[in-house]
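Quick notes on the structure that follows.
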Amino acid sequence: MSDSAGRSNSVSEMKTEASTPAHAPIPPPRFVYQMALCACVNSALLGYDTGVLSGALLYLRDAMDLSTQQIELLTSSMNYIAIPGCFLAGYIADAIGRTRTLFAASLTFLVGALLMAGANDYGTLFLGRSLIGVGVGCGLAIDPLYIAEISPPEFRGKLTSYSETAINIGILSGYVSNVAFMWLPKEYNWRVMLAVGAIPPFIMMVLATFVMPDTPRFLISKGKYEEADAVLKRIARSEEEVKLIKHDIKESIAQEKNTTSKEGWKRILCPDPILKRMLMVTLMISVLQQLCGVDVILYYAPIIMEQGGIEDRLAQLGLTALAGVAKVGVLFITMHYLDHKSMGRRPLMLLSYSTLALGTAIISLGFGLDSVGASVFGIIFFCGAFSIGAGPICWLMNSEVLPLPVRARGMTLGCSLNRLASAVLQTVFLSLAEAITPAGAFLFLTLINVFGFVYLYFYMPETKNKTLEEMTNYFASLIGVKAAEGRIEEGDVNSINLDQLDAKGVVSKVGQENSELGGDRAGNMADVDLGNSGASA
């Protein structure tokens, strides 16, 4: 028996053992958890900005005599500016790596936060807010991508949800900061609130420079095999898994680079049937996450409560902080069920959007009946409902569904649409509430959330426990086409020596040699989830 055949039998034995129900999933090394926590500091930047601005706006409005339209423009400008930042992130992440992109985003965010804290006029405020937008746009899509690319499939849902957890902890920290600093003189309490926002980006810059390595997928795509091997040994659970992951990454690059290396954005904008089906899920989830109304509630909660009849400033900020506690608390419960055998992405998303619709309906009813208690309960209920699925699963789906060559660009587009939806809603919401009453504005959000539930019911599949490399085959099966259509055929892959990828990821054939793990692709991680009893092939 040949050596490659021996390896094939060995891997087959591993498959059988891995699929045995008696075995629980083997946790990833501690290093994976540590790097995931480092990456999600970036998400905490956005969270703190969201939380702190909600309270700072109350004092900014009084200090600079801002109109409703100026408040809407200042709040939404970050998201408008984030859109070109998102597109810039795709090129930067593909060119210089994930960690350097995080550094650049954090530096821009830090400068913007300090500008806002020191502003003496609306123009400087707007400039600082715009710089924060560039930083948010560049960084928002990268940290879940980084986490997804270092995580084993059976733990990817939980680990990627760290980003959403960090956003929520950041939001809550911003709310707490509002309450803590509201006692300072009104002339500069808002400056202190905003200045504290410069601390997280500084920490992120240090981590991205001295602590976090880049992902194996990026390093291999650039031909940096020794660096990739060093990282793989730290994130894999065995030597066999190192080989399997490396094989899968190289094979993915080989299949895609031969047909898409010169297409750039063309493949995203003119997708094949499989990618189109993927984008129908990821892009719509990105848009629905903001159209549900989460950012207008998070940013404008104190103002909304003021409109509902709560005039005490401490009560406004305190109840807003309570909504933040609900948002964080539910998320910690959700993290347990993202990869759970009885739950997963799809049921959590459907539950989330049904309860989001209920939450906005309660808020609308509260305003319609002049019931402050109902409105406040609806806001808190809504924040908890968001953390059931709409919050954590959005970026998880974006980072795990799209194939490697278009993953960064696909997440860039998703991030851009996400920020655009948020910006548009923030720009018009307060004016809409003045025009059709707050009850009418929240009824409008209820209709959007009902639509979101219906769309996801028909178009969102379950993707838990699937490797990043097997998603293409899975989505191909959903629409009844062959994954190899328009790409390298299965037999062609067997004749490629996957160790012969050059620095640009271009494949050179070397006769009839097979890959390191054998011509029958025995090492394909799509079929092997080490220690995962519930993995689906």
Side-chain angles (χ1 to χ4, degrees), residues 44-78 106 108-133 135-136 167-203 295-325 327-328 372 376 379 426 429-430:
L45 313 183
L46 174 60
Y48 183 85
D49 175 83
T50 301
V52 79
L53 191 63
S54 68
L57 280 174
L58 296 172
Y59 299 99
L60 274 170
R61 181 187 59 185
D62 298 337
M64 297 189 180
D65 194 25
L66 302 181
S67 66
T68 297
Q69 289 71 33
Q70 285 178 312
I71 292 174
E72 288 176 331
L73 182 59
L74 180 66
T75 305
S76 62
S77 62
M78 181 196 76
S106 299
T108 310
F109 195 107
L110 185 148
V111 174
L114 294 178
L115 267 178
M116 287 192 71
N120 291 314
D121 55 70
Y122 186 77
T124 307
L125 270 177
F126 191 85
L127 176 60
R129 187 74 176 153
S130 298
L131 287 175
I132 288 177
V136 168
I167 291 177
N168 284 277
I169 291 175
I171 291 172
L172 182 58
S173 299
Y175 290 157
V176 171
S177 177
N178 291 335
V179 176
F181 297 125
M182 67 173 287
W183 308 105
L184 296 175
K186 295 180 180 180
E187 291 76 18
Y188 63 84
N189 60 358
W190 60 271
R191 296 185 187 276
V192 178
M193 295 175 186
L194 297 175
V196 172
I199 297 175
F202 177 77
I203 295 174
D295 270 8
V296 296
I297 287 181
L298 294 177
Y299 278 116
Y300 298 143
I303 296 176
I304 292 171
M305 291 181 185
E306 187 178 64
Q307 293 175 344
I310 300 177
E311 297 180 359
D312 183 72
R313 192 61 55 87
L314 178 60
Q316 294 168 2
L317 298 179
L319 289 171
T320 302
L322 183 60
V325 171
K327 200 166 184 290
V328 174
V372 175
V376 172
I379 290 174
Q426 289 173 36
F429 188 79
L430 292 180

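By convention here, the first residue in the shown sequence is residue 1.
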Between [atom1] on residue [X] and [atom2] on residue [Y], distance to nearest 0.5 Å:
| X | Y | atom1 | atom2 | answer |
| --- | --- | --- | --- | --- |
| Leu74 | Leu57 | CG | CG | 6.5 Å |
| Ser54 | Tyr175 | OG | OH | 4.5 Å |
| Ile304 | Leu298 | CD1 | CG | 9.5 Å |
| Met193 | Arg191 | CE | CZ | 12.5 Å |
| Leu46 | Phe109 | CG | CZ | 7.0 Å |
| Leu58 | Asn178 | CG | CG | 8.0 Å |

What pair of heavy atoms forms the shortest contact from [X] to [Y], and how long is it?
| X | Y | answer |
| --- | --- | --- |
| Gly324 | Leu172 | C-CD1, 4.0 Å |
| Thr75 | Arg129 | O-NH2, 3.3 Å |
| Asn120 | Met64 | C-CE, 3.9 Å |
| Trp190 | Ala119 | CH2-O, 3.5 Å |
| Leu194 | Met116 | CD1-O, 4.0 Å |
| Ala323 | Ile379 | CB-CG2, 4.3 Å |

| message | Within the 4.5 Å heavy-atom criterion, are Leu314 and Val179 side-chain neighbours or not? | response |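 When only atoms from C-beta onward are counted, Val179 and Leu314 do touch, with a gap below 4.5 Å.
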
| request: With Arg313 as the cation and Tyr59 as the aromatic partner, state whether NZ or CZ is under 6.0 Å from the six-membered ring centre and within 45° of the axis. | output: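 Arg313 over Tyr59 ring: yes.
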
| said: Using only atom types and a distance under 3.5 Å, with no angle test, would you say the side chain of Gln316 pairs donor to acceptor with the backbone of Ile310? | reply: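 Indeed, once roles are kept as given, a pair shorter than 3.5 Å links the two residues.
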
| task | May I ask you to decide if Met305's main-chain N or O and Tyr300's side chain share a donor-acceptor pair within less than 3.5 Å? | result |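 No, because the side chain of Tyr300 does not come within donor-acceptor range (under 3.5 Å) of the backbone of Met305.
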
| request: Please step through side-chain contact (heavy atoms from CB on, under 4.5 Å) for the pair Val176 and Phe181, ending with a clear verdict. | output: CA-CA 9 Å; Val176 171; Phe181 297 125; over 6 Å; no

| Ser177 and Tyr48 side chains, donor-acceptor separation under 3.5 Å |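 Short answer, yes.
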
| request: Dump the intermediate steps for side-chain contact (heavy atoms from CB on, under 4.5 Å) on Leu60 and Tyr122, then the final yes or no. | output: CA-CA 10 Å; Leu60 274 170; Tyr122 186 77; over 6 Å; no

| What residues form a ring pair (Phe, Tyr, Trp, His ring centres under 6.0 Å) with Phe429, not counting sequence neighbours? |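 Partners of Phe429 by the ring pair (Phe, Tyr, Trp, His ring centres under 6.0 Å) criterion, ordered by chain and then number, come out as Phe442.
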
